[in-house]
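For the numbers below, each heavy atom of this structure counts, side chains included, while hydrogens, waters and symmetry mates do not.
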Amino acid sequence: MQQPGQKKSIAGTLLNLLGSRPKPGPATPTAGDGEVIQPAAGDGALENHLGGDEARNYRKYEYETVAPHVGRSLLEIGSGLGHFSEQFAGRLDYLVVSDNDPYCVGELRKRYDGNDDVEVIDLELPAEIEIRQKVDTVVMMNVLEHIKDDVQALRDLASVTLPGGRIVIWVPGYMQLYGDFDRKVGHVTRYTPATLEASVREAGLVPEVLKPINFLGGIAWWFAVRRGGAGYPDPRLVKIYDRTVVPVTRAIERLVRPPFGQTVFCVARVPR
């Protein structure tokens with residue numbers, strides 16, 4: 001029999017692993033239409049804690065999921081501070097890194113100054129993309145969910161991808177998990193495999209891989225944002241989550257395909 005307070009304790013533990021309630025402070029700035037503005041870069045940026053040093057296992061999880069689908073030339077959309085693309089050093093003939101945040105673009109230019117094999121561009125999709133040559137792979141890690149016209153963005157990316165090339169998409173999954181964190185970082189939506197497939201096909205692409213991943217992360221996130229009211233990830237607790245939950249999730253997903261997850265992963269082929 002469940003003891004009084006046990007349910008609250010379980011939910012609280014998951015909440016603590018994933019995030020914490022916002023601390024009192026100045027109101028979050030908004031645009032004229034009330035849309036929340038959250039910078040994509042800088043030490044205080046919410047999303048950077050999920051891809052930085054606090055989440056090394058998660059970054060490895062991302063890399064090992066994406067890497068088999070990457071060819072010899074890569075355009076990364078939303079490169080941030082370069083945490084993800086740096087893992088491909090030495091295996092690419094040509095790399096394009098991009099962001100639309102001035103701080104990120106500046107840091108990327110510093111990182112790759114003098115490297116002729118790397119091109120840094122300031123890019124906000126949808127837009128015409130100008131790069132030196134077409135690439136065989138495009139990677140979007142937690143980017144498409146920020147873009148209202150996702151179909152046009154995918155068409156723009158297809159225009160600079162070689163025929164037969166791939167667009168690799170990693171997005172947050174399931175609107176049931178949408179919460180304060182999503183609003184703060186400017187997520188337009190969270191995807192399901194069905195809604196992501198619809199956008200991919202409307203853009204003229206062919207999905208080759210399409211599945212939910214990070215099953216345990218999805219459960220923990222649901223408790224955090226729906227039951228616990230988490231507003232942002234605490235870097236210290238993200239580190240604990242990274243060292244404990246992520247390895248278990250990976251082990252499970254090697255054996256079974258999860259029915260849902262915190263993330264939806266897609267590899268879309270550009271028609272020849």
Side-chain angles (χ1 to χ4, degrees), residues 51 61-80 82-100 105 108 112 116-173 187-213 257 261 263-272:
Y61 178 30
E62 290 179 317
Y63 175 79
E64 292 183 353
T65 303
V66 171
H69 307 285
V70 174
R72 300 294 302 177
S73 55
L74 170 65
L75 165 60
E76 184 189 18
I77 305 300
S79 302
H83 289 135
F84 187 75
S85 55
E86 70 180 357
Q87 298 174 98
F88 290 90
R91 62 167 285 182
L92 296 172
D93 298 324
Y94 174 53
L95 170 65
V96 185
V97 290
S98 69
D99 211 286
N100 68 334
V105 174
L108 290 169
Y112 293 110
D116 294 335
D117 294 329
V118 181
E119 186 175 0
V120 180
I121 62 173
D122 187 337
L123 177 65
E124 181 175 7
L125 293 171
E128 183 178 349
I129 303 170
E130 297 182 4
I131 54 179
R132 292 199 301 260
Q133 64 188 63
K134 289 191 174 185
V135 296
D136 57 37
T137 313
V138 174
V139 170
M140 308 178 75
M141 304 297 292
N142 294 314
V143 174
L144 194 64
E145 69 275 9
H146 291 269
I147 303 171
K148 290 182 179 179
D149 193 348
D150 57 353
V151 172
Q152 184 58 50
L154 291 170
R155 288 171 178 158
D156 293 335
L157 294 173
S159 72
V160 295
T161 305
L162 292 167
R166 298 181 176 99
I167 298 177
V168 181
I169 306 165
W170 181 292
V171 289
H187 290 174
V188 176
T189 190
R190 297 180 72 101
Y191 288 88
T192 65
T195 59
L196 184 55
E197 179 179 7
S199 294
V200 164
R201 290 194 181 278
E202 189 175 347
L205 305 173
V206 180
E208 292 189 332
V209 179
L210 184 60
K211 60 183 180 180
I213 58 176
R257 177 185 174 121
T263 298
V264 176
F265 178 67
C266 176
V267 180
R269 177 78 69 173
V270 176
R272 294 183 183 276

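- For S73 (side chain) and D136 (main-chain N/O), a donor-acceptor pair under 3.5 Å exists by modelled atom type.
- Among all heavy-atom pairs drawn from A67 and F88, the shortest one is CA-CE2, 4.1 Å.
- Residues P126 and I147 share a closest heavy-atom pair of CD-CG2, 4.0 Å.
- Two residues are said to be in side-chain contact when any heavy atoms from C-beta on lie closer than 4.5 Å; L74 and V135 fail this criterion.
- For the pair T137 and G71, the tightest heavy-atom approach, listed with the atom from each and the gap, is OG1-N, 2.9 Å.
- Shown here for A127 and E124, the closest heavy-atom pair between the two residues is CB-O, 3.3 Å.
- Within a 6.0 Å sphere centred on CZ of R132, other residues, nucleotides and ligands contribute more than 12 heavy atoms.
- The line from CG of L92 to OG of S85 is 9.0 Å long, rounded to the nearest 0.5 Å.
- Side-chain atoms of Q87 come within 3.5 Å of backbone N or O of F84 as a donor-acceptor pair.
- Pairing each heavy atom of A203 with each of R155, the nearest pair is O-CG, 3.7 Å.
- Here the shortest heavy-atom pairing between S98 and I77 reads OG-CA, 3.4 Å.
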Could you list the donor-acceptor pairs under 3.5 angstrom formed by side chains in residues 158-171, with sequence neighbours left out?
from: S159; atom 1: OG; to: D156; atom 2: O; distance (Å): 2.5
from: T161; atom 1: OG1; to: L157; atom 2: O; distance (Å): 2.8
from: W170; atom 1: NE1; to: Y58; atom 2: OH; distance (Å): 3.4

